[in-house]
Amino acid sequence: MSEEQNVIQLTEGWVLRVLNGTVTKADVKMVPDSTAVDIEIYTTGDTTVPAFTLQLNVLADVIEVIGIDPIQKIQKLAIKMPKRIEVTLA
């Protein structure tokens with residue numbers, strides 16, 4: 001798996017990068033009538049249950065964390081410039 005698989009493109013030029021572990025699949029879905037996105041990230045060959053799910057409100061200069069549903073524990077979630085979100089898994 002390449003490092004590029006750990007980078008997930010979001011809207012408004014933002015990217016989400018998983019710093020450790022390997023992303024095997026990522027589903028990014030826009031929430032209807034909203035600027036929010038649902039992101040399901042899978043880190044194993046099992047693509048039936050995501051390792052974690054994030055719901056973010058993505059604006060040009062602001063990220064709002066609406067919800068985090070970790071199956072696998074998240075150690076750190078960092079929002080950095082320019083337009084980068086980093087996740088470190090425990």
Rounded to the nearest 0.5 Å, what's the gap from OG1 on T43 to CD1 on I71? Could you check? 10.5 Å
Rounded to the nearest 0.5 Å, how far does CG of D27 lie from CD1 of I41? 10.0 Å
Taking W14 for its side chain and V62 for its backbone only, find out whether a donor-acceptor pair lies under 3.5 Å. no
Ignoring hydrogens, what is the shortest heavy-atom contact between L89 and F52? Give both atom names and the distance. CD2-CE2, 3.5 Å
Can you check whether T44's main-chain N or O pairs, donor with acceptor, with T24's side chain at less than 3.5 Å? yes
With L77 as partner, the option from T88, L16, I68 fulfilling side-chain contact (heavy atoms from CB on, under 4.5 Å) is I68
Output yes when a side-chain donor or acceptor of D38 lies under 3.5 Å from a complementary backbone atom of Q55, and no otherwise. no
Gap separating the CD1 atom of I63 from the CG atom of L56, nearest 0.5 angstrom: 5.5 Å
For the hydrophobic clusters of this structure (ILVMFWY residues joined by side-chain heavy atoms under 4.5 Å, transitively), does one cluster hold both Y42 and V37? no
Quick one: does I74's side chain get under 4.5 Å of Q72's, heavy atoms only? no
Distance check, rounded to the nearest 0.5 Å: T22 atom OG1 versus N6 atom CG? 5.5 Å
Please report the closest heavy-atom contact between I66 and A36, naming both atoms and the distance. CD1-CB, 3.9 Å
Is L59 reachable from I8 through a run of hydrophobic residues whose side-chain heavy atoms are each under 4.5 Å from the next? no
Salt-bridge criterion met for E86 and K76 (N-O under 4.0 Å): no
Side chain to side chain donor-acceptor pair (under 3.5 Å) involving D69 - partner list, sequence neighbours excluded: none
Checking K83 now: which residues fulfil salt bridge (Lys or Arg N to Asp or Glu O under 4.0 Å) with it, not counting sequence neighbours? none
Which of these passes side-chain contact (heavy atoms from CB on, under 4.5 Å) with P50: T53, L54, T47? T53
Full working for side chain to side chain contact (heavy atoms under 4.5 Å, CB included) between L10 and V28: CA-CA 8 Å; L10 303 177; V28 179; 4.2 Å; yes
With heavy-atom distances below 4.5 Å as the criterion, would you say the side chains of V23 and K25 are in contact? no
Would you say the side-chain atoms of T35 and N57 include a donor-acceptor pair closer than 3.5 Å? yes
